[in-house]
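Since we're looking at a predicted model, the values are computed, not measured. Chain naming here is simple, since letters A, B, ... match the order of the sequence lines and numbering starts at 1 in each.
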There are 2 protein chains.
Amino acid sequence: MADYFLGIDLGGTKILTAVADEEGNILAKIKLPTEEHKGKDKVIDNIIVSINKVLNKVNFNYEDIVRMGVGIPGPLNIEEGLVYQAPNLGWENVPISEILEEKTGIPVNLENDANAAALGEKWFGAGQGIDNLLYITISTGIGGGIIIDRKIYHGANDGAGEIGHMVIEPNGPLCGCGNYGCLEALASGTAISRMGKEAVEKHQNTIISELSNGNLDSIDGGIIAKAAKMGDEAAKEIWVKAGHYLGIGLANLLNIFNPEMIILGGGIMKAGDLIMEPMQKSLKKYSFENAFNSVQIRQAVLGDEVGVKGAIAVAIGRR
Amino acid sequence: MADYFLGIDLGGTKILTAVADEEGNILAKIKLPTEEHKGKDKVIDNIIVSINKVLNKVNFNYEDIVRMGVGIPGPLNIEEGLVYQAPNLGWENVPISEILEEKTGIPVNLENDANAAALGEKWFGAGQGIDNLLYITISTGIGGGIIIDRKIYHGANDGAGEIGHMVIEPNGPLCGCGNYGCLEALASGTAISRMGKEAVEKHQNTIISELSNGNLDSIDGGIIAKAAKMGDEAAKEIWVKAGHYLGIGLANLLNIFNPEMIILGGGIMKAGDLIMEPMQKSLKKYSFENAFNSVQIRQAVLGDEVGVKGAIAVAIGRR
């Protein structure tokens with residue numbers, strides 16, 4: 001019998017679990033709610049249920065699985081299989097590998113979610129065949145995975161890749177991390193929503209207010225993209241600003257890494273040219289010609305499956 | 001007979017050449033002026049003269065040398081042994097490896113000077129025993145060498161490590177590269193001299209003017225450090241500002257790389273605590289606790305020999 005693997009993408013709202021062969025081809029998959037509000041034990045039960053269900057679909061037992069890869073949001077100790085902190089799950093110091101191994105007998109490899117996504121795109125998505133790339137996800141926050149020589153670069157204690165907290169405007173807006181002017185505070189979904197609210201609050205002549213039915217808290221990248229596509233100047237300006245800063249952040253990374261490829265993922269990339277055009281403009285302005293000319297900028301292609309495919313790559317040992 | 005190697009540090013003003021054993025122990029060394037103003041052929045003659053002289057000292061012939069490593073300022077193609085551009089030498093597209101191999105029969109490995117210095121400190125200096133480190137040189141400009149898994153990370157076309165052109169203050173001062181607010185424009189020797197001149201020009205109450213005998217062009221890090229040590233407030237403020245921005249730059253790198261060690265070299269580091277204290281303060285403020293607590297910040301220890309020792313490491317194949 002061939003070798004089979006499990007990939008588990010454990011997110012704050014859903015668990016995506018898949019069984020795959022040694023080439024990473026998915027034989028079956030399943031999506032369950034995380035139910036993180038019911039506590040750690042319930043989440044772990046849900047992971048086990050997702051494993052049982054997906055194995056059932058293909059008539060496999062635990063013994064048929066060589067290894068499982070698990071992608072988790074938050075700082076980890078990969079060697080010890082320990083989750084230091086996963087704010088989205090309310091977890092602190094959870095020895096998740098040991099727990100899952102005890103319950104299933106299947107060896108576990110952990111990876112943080114941004115790194116897992118980077119591996120997903122590298123092995124099964126936009127980065128196939130590329131040895132050195134950066135994967136950057138732009139959604140509520142901005143995260144990154146650094147792939148060097150086809151492997152994740154983890155750093156001294158698995159903390160590498162925090163590119164969202166690169167400071168590029170020290171007098172800029174407050175970031176969730178407590179500092180000011182991080183890339184995440186200037187170009188993430190959170191930053192874009194904030195700029196949308198500010199535009200409405202300043203009584204700028206903008207249809208953002210109308211599109212949000214006057215509910216400031218509902219203003220997000222989708223609404224601001226819609227407004228911009230309808231010709232709204234304030235909305236367009238927000239995308240130009242976010243794209244400008246994203247371009248500076250990417251230029252810094254280009255000058256530091258001279259990578260073969262940068263892959264951009266996350267919900268904010270759905271805005272397409274609204275953010276890509278100003279990004280490209282400042283990327284070109286702020287990066288060395290040599291690095292700019294040799295890099296390919298690609299949008300991620302795996303969508304919602306990026307995490308689980310990355311977890312499969314981790315399980316197979318491609319990490 | 002054991003294996004012997006040559007290391008050559010080719011700078012804009014001097015050529016430092018050394019012969020070493022396979023452990024990197026220097027048996028003999030020599031320093032000659034580069035005479036870059038006399039043109040490329042004269043510089044190459046001088047390199048050959050330096051090789052001949054240093055080999056003479058130990059009674060070696062070309063045949064006794066396994067390989068030579070050459071450190072050169074400027075963008076290179078390492079595989080082809082080609083110097084694209086070395087502004088300090090006035091060189092463009094010089095196939096230096098081929099030229100030196102033809103003249104000596106000794107195989108040549110090239111490396112850019114910042115990377116060579118990083119290797120020097122890694123193998124023979126402050127970074128011994130460390131697998132993942134960043135070397136940063138702060139002098140006229142700011143350059144860097146990235147060591148991952150004991151090797152230089154070169155990037156897609158040998159352009160990685162341009163950390164001096166990380167933009168961290170987009171509305172900041174003009175950089176030599178044409179952009180605004182690069183780390184180099186905020187914390188290099190050039191930036192510090194510029195701030196010193198500005199302080200004098202603004203008729204600030206500062207002894208920098210006196211120490212420079214009214215010659216604005218002579219104002220450099222040494223003078224501003226001296227003024228600060230004499231209690232001059234304007235001078236102290238300059239170091240606080242440069243250290244602050246250096247700390248932001250290093251914090252960004254800490255969050256991206258989570259390295260085991262950062263080694264700081266270059267003439268500006270002679271200012272010691274004047275720049276290190278404000279640097280440490282903003283490094284702590286802007287970096288993740290995890291990365292901050294696990295990194296060692298060290299000053300370079302090899303001084304003027306860092307380049308030639310790095311070139312020896314390159315020759316030995318440690319790169």
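Neither the backbone nor the side chain of L254(B) comes within contact range of chain A; no heavy atoms are under 4.5 Å apart. L253(A) touches chain B through its side chain: at least one heavy atom from C-beta onward sits under 4.5 Å away, while N, CA, C and O do not. With a 4.5 angstrom heavy-atom cutoff, F257(A) touches chain B via backbone and side-chain atoms both.
Across P170(A), A251(A), A291(A), the residue that shares the most heavy-atom pairs under 4.5 angstrom with chain B is P170(A). Interface summary for chain B: among L183(A), I148(A), I163(A), I256(A), the most heavy-atom pairs under 4.5 angstrom belong to I256(A). If you tally non-hydrogen atom pairs under 4.5 Å between each of G155(A), G181(A), P75(A) and chain B, the highest count goes to G155(A).
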Could you pull out every donor-acceptor pair under 3.5 Å between chain B and chain A?
unit_1	atom_1	unit_2	atom_2	d
Y153(B)	OH	F257(A)	O	2.9
A156(B)	N	N258(A)	O	2.6
A156(B)	N	N258(A)	OD1	3.3
N157(B)	N	N258(A)	OD1	2.9
N157(B)	OD1	N258(A)	ND2	2.9
N157(B)	ND2	N290(A)	OD1	3.0
N157(B)	ND2	S294(A)	OG	3.3
D158(B)	N	N258(A)	OD1	3.4
G159(B)	N	N258(A)	OD1	2.7
G161(B)	N	I256(A)	O	2.8
E162(B)	N	N255(A)	O	2.9
V167(B)	N	N252(A)	OD1	2.7
V167(B)	O	N252(A)	ND2	3.0
N179(B)	ND2	K285(A)	O	3.0
N252(B)	OD1	V167(A)	N	2.7
N252(B)	ND2	V167(A)	O	3.0
N255(B)	O	E162(A)	N	2.9
I256(B)	O	G161(A)	N	2.8
F257(B)	O	Y153(A)	OH	2.8
N258(B)	O	A156(A)	N	2.6
N258(B)	OD1	A156(A)	N	3.3
N258(B)	OD1	N157(A)	N	2.9
N258(B)	OD1	D158(A)	N	3.4
N258(B)	OD1	G159(A)	N	2.7
N258(B)	ND2	N157(A)	OD1	2.9
K285(B)	O	N179(A)	ND2	2.9
N290(B)	OD1	N157(A)	ND2	3.0
S294(B)	OG	N157(A)	ND2	3.3

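With rounding to the nearest 0.5 angstrom, the CD1 atom of I168(A) is 11.5 Å from the CD1 atom of I248(B).
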